[in-house]
Amino acid sequence: MARNITPRKENYSQWYLDVIKAAGLADYAPVRGCMVIRPTGYAIWENVQAKFDAAFKKTGHVNAYFPLLIPDSFLRKEAEHVEGFAPECAMVTHAGGEELEEPFAVRPTSETVIGYMYSKWVQSWRDLPVLINQWCNVMRWEKRPRLFLRTSEFLWQEGHTAHETEQEAREETLRMLEVYRSIIESELAVPVIAGEKTAGERFPGAVDTYTCEAMMSDARALQAGTSHFLGQNFAHAFEIQYQDRNGELQYCWTTSWGVSTRLIGALIMTHSDDDGLIIPPRIAPVKAVILPISKSESVAENDILPKAKELSAKLDDELGGMYSQVDTDFHMRPGDRFFTHLQKGVPLRLELGEKDIASGTVRLVRRDTGEKLDVQADAVIPAVKNILADIQANMFARAKAFRDSNMHDAKSYDELKAIIAESGGFVRAYFGGTPEDEVRIREETGATPRCVLPGGDKGKCIITGNDNARLTIFAKAY
RNA sequence: CGGGGCGUAGCGCAGUCUGGCUUAGCGCGCAUGGUUCGGGUCCAUGAGGUCGGAGGUUCGAAUCCUCUCGCCCCGACCA
């Protein structure tokens, strides 16, 4: 049992921070609310990025870069947008030793600058659609930061598209929601529910907001990705207009969508255990670690290490895209070395000791289950491949089973209150109330509507009693 | 912004009420040596501190007084 990690049951928040620290993913920066993403954490982010980026390219998007500083006046052009973001904006008021005529906001999101640029670039229906994504950092001043989940500065991706018709823009919004759902589930092994946000939870300036909602291992919800149908709101604010096929001037329909380094928080809180981090193989920077083991340091280094290196090279070659690492910390005892990799979440450990060499086998140890398996040396490569695939599948299945076992139904508001108070988790209920009702529910229960389930399932609202309320998931959220 | 708490070694803390008995300690970590070694061995030695900062009281301040800076927790707020 780990001695540097607070047990999850004892103190969930502390456990989360301990896991991050033990795995060396991130550290606090000198500026409050900011974090340093350390090499191990950044390697995970690079892998996450690579998966999404490839999917964006496949759906026809291209990358570009827009500036960090946004004129204050831009944010003010869309009424709801400024109201939503003003409180968390960091403003640059001085530069070059002088006070600026107009302050700049450090971007909290880029709809406004991008809208401004699109208005210059779009003239004709032939210029549409515009499908641009950018990978960048953003800043939203947070009063209660938590590593990865809510930091003042974070890394993300924001896609911004402009379309000729409402239908096209709506399709784009849903297409990207589906891209998110599929990658988060297949690569990060985090099960999510993709649905619509209620009015009170909508992005400031959006007509409709969609979300991928995940359940963490304390049964609280985490928004893992959002996609917004912006209607013509930003097109009106920034005059993104084009001449249609009849020569008439029209406003574009726009969308935006994003995922952030918060996904790493989701990863940690979905899969890890009291021993530390567990990373799904498909995004693990090191998928398998090979440990030469011997009582004698010189035997380990001279006799076993070459075999370990050979095995590592073979794994990397034959399982293209694989990445294995050889542990050469011979001065440490095996137990210490095991723990190091355990806490870093490496999916698979290959032990190569004198006993194994004598018997012509390699010992494989799974991080997700702790299961040990002795495999014939010549069968190691296919075995590794199969086990990694199985770990990936098992991690997803396990997380999904946990979520499903914490899914409840409430027929009335009282029932919803009781479930949230007693067991927590996700609660399905018919809801058709106003943002004011949402506030009241939050104040009274601590839970918020996380997302409206897709499909036409409708019933009697637990608040208003009206029919035609949509089935909505409520939960306490991060 | 309101309420509470805390700043002493890399981390976690004791010492502060009752100033001197501490050369400012302890645990973890770190370094070196030995021992052990297939899920965190055990032992020895050692390095490491402007006690958050400034001013004051005193023969003497981590300890008392004044001011100041920073952080954490709860609340409020928050895609």
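Proteins come first, then strands; the chains are lettered A, B, ... in the order of their sequence lines, and each starts at number 1.
- The existence of a salt bridge linking Glu438(A) and Arg442(A) is excluded, since no basic side-chain nitrogen approaches an acidic carboxylate oxygen closer than 4.0 Å.
- Checked against the 6.0 Å centroid threshold, Phe74(A) and Tyr116(A) count as a close aromatic pair.
- At the heavy-atom level, Pro204(A) lies under 4.0 Å from base atoms of the strands shown.
- A search for ring pair (Phe, Tyr, Trp, His ring centres under 6.0 Å) contacts involving Trp141(A) returns nothing, not counting sequence neighbours.
- Residue Leu291(A) is out of contact with every strand shown, counting any heavy-atom pair closer than 4.0 Å.
- Judged by distance alone, the side chain of Arg150(A) and the main-chain N or O of Pro145(A) form no donor-acceptor pair under 3.5 Å.
- Nucleotides U57(B) and C67(B), compared at atom C1', are 15 Å apart to the nearest Å.
- Looking at residues two or more places apart in sequence or on another chain, you find a side chain to side chain contact (heavy atoms under 4.5 Å, CB included) between Tyr28(A) and Leu17(A), Leu147(A).
- Gln343(A) places its CD atom 11 Å from the C1' atom of G39(B), with the value rounded to the nearest Å.
- No hydrogens or angles were tested; on distance alone, nothing pairs the side chain of Asn4(A) with the base of G29(B) as donor and acceptor under 3.5 Å.
- Thr254(A) and Tyr118(A) are not linked by any side-chain donor-acceptor pair at a separation below 3.5 angstrom, with hydrogens and angles left out of the test.
- Annotation: G29(B) and C42(B) have their P atoms spaced 10 Å apart (nearest Å).
- In terms of modelled atom types and a separation under 3.5 Å, the side chain of Asn302(A) and the main chain of Val299(A) share no donor-acceptor contact.
- For Arg146(A) and Tyr478(A), the positive end is not near the middle of the six-membered ring at less than 6.0 Å and at most 45° from its axis.
- Counted by atom type alone, His228(A) and Ser256(A) present zero donor-acceptor pairs between their side chains at under 3.5 Å.
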Check the interface with nucleotides 71-76 of chain B: list each N/O to N/O pair with the protein under 3.5 Å, or write none.
{"from": "C72(B)", "atom 1": "OP1", "to": "Arg32(A)", "atom 2": "NH1", "distance (Å)": "3.1"}
{"from": "C72(B)", "atom 1": "OP2", "to": "Arg32(A)", "atom 2": "NH1", "distance (Å)": "2.1"}
{"from": "C74(B)", "atom 1": "OP2", "to": "Arg144(A)", "atom 2": "NH1", "distance (Å)": "3.4"}
{"from": "G75(B)", "atom 1": "OP2", "to": "Arg144(A)", "atom 2": "NH2", "distance (Å)": "3.2"}

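- The backbone N or O of Arg8(A) lies less than 3.5 Å from a partner atom in the side chain of Asp274(A), making a donor-acceptor pair.
- Using C1' as the reference atom, A44(B) and A61(B) are 37 Å apart when rounded to the nearest Å.
- When heavy atoms are screened at a 4.0 angstrom cut-off, Arg349(A) is found touching base atoms of the nucleic acid.
- Crowding of Lys21(A) atom NZ: a count of heavy atoms from other residues, nucleotides or ligands under 6.0 Å not exceeding 12.
- A salt bridge between Arg366(A) and Asp390(A) is present, with a side-chain N of the basic residue lying under 4.0 Å from a carboxylate O of the acidic one.
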Subject >> Contact pattern, 5' to 3', of nucleotides 7-12 of chain B - B, S or - by protein heavy atom under 4.0 Å >> reply: ------
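- Taking the P atom of each, G56(B) and C43(B) are spaced 49 Å apart, rounded to whole Å.
- In this structure, Arg367(A) atom CZ and G39(B) atom C1' are separated by 11 Å, rounded to whole Å.
- Comparing G53(B) with G10(B), their P atoms are spaced 14 Å from each other, to the whole Å.
- Ring centroids of Phe474(A) and Phe431(A) are separated by less than 6.0 Å, placing the two rings close together.
- Distance CH2 (Trp141(A)) to C1' (C1(B)): 17 Å, rounded to an integer number of Å.
- U66(B) and C28(B) are spaced 39 Å apart, taking the P atom of each and rounding to whole Å.
- For the pair Asp18(A) CG and C28(B) C1', the computed distance is 14 Å after rounding to whole Å.
- Taking atom P on both nucleotides, U8(B) is separated from G49(B) by 15 Å, rounded to a whole Å.
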Subject >> Nucleotide-level pairing of RNA chain B, given in dot-bracket where Watson-Crick and G-U pairs need both distances under 3.5 Å and | marks other strands >> reply: ((((((((.[[[[.)....(....]]]].(((((.......))))).....[[[[[..)....]]]]])))))))....
Filtered N/O pairs between nucleotides 34-38 of chain B and protein, under 3.5 Å:
{"from": "C37(B)", "atom 1": "N4", "to": "Lys295(A)", "atom 2": "O", "distance (Å)": "3.0"}
{"from": "G38(B)", "atom 1": "N7", "to": "Lys355(A)", "atom 2": "NZ", "distance (Å)": "3.3"}
{"from": "G38(B)", "atom 1": "O6", "to": "Glu354(A)", "atom 2": "N", "distance (Å)": "3.3"}
{"from": "G38(B)", "atom 1": "O6", "to": "Lys355(A)", "atom 2": "N", "distance (Å)": "2.9"}
{"from": "G38(B)", "atom 1": "O6", "to": "Asp356(A)", "atom 2": "OD2", "distance (Å)": "3.4"}
{"from": "G38(B)", "atom 1": "N1", "to": "Asp356(A)", "atom 2": "OD2", "distance (Å)": "2.3"}
{"from": "G38(B)", "atom 1": "N2", "to": "Glu351(A)", "atom 2": "OE1", "distance (Å)": "2.8"}
{"from": "G38(B)", "atom 1": "N2", "to": "Asp356(A)", "atom 2": "OD2", "distance (Å)": "3.0"}
{"from": "G38(B)", "atom 1": "N3", "to": "Glu351(A)", "atom 2": "OE1", "distance (Å)": "3.1"}

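- Side-chain contact of Thr255(A) with Thr173(A): a donor-acceptor pair under 3.5 Å is absent, judged by distance alone.
- Taking the P atoms as reference points, C64(B) lies 15 Å from A14(B), given to the whole Å.
- In this structure, His81(A) has its ring center closer than 6.0 angstrom to the ring center of Phe234(A).
- Spacing between atom NE2 of His331(A) and atom P of G33(B) amounts to 11 Å, rounded to whole angstrom units.
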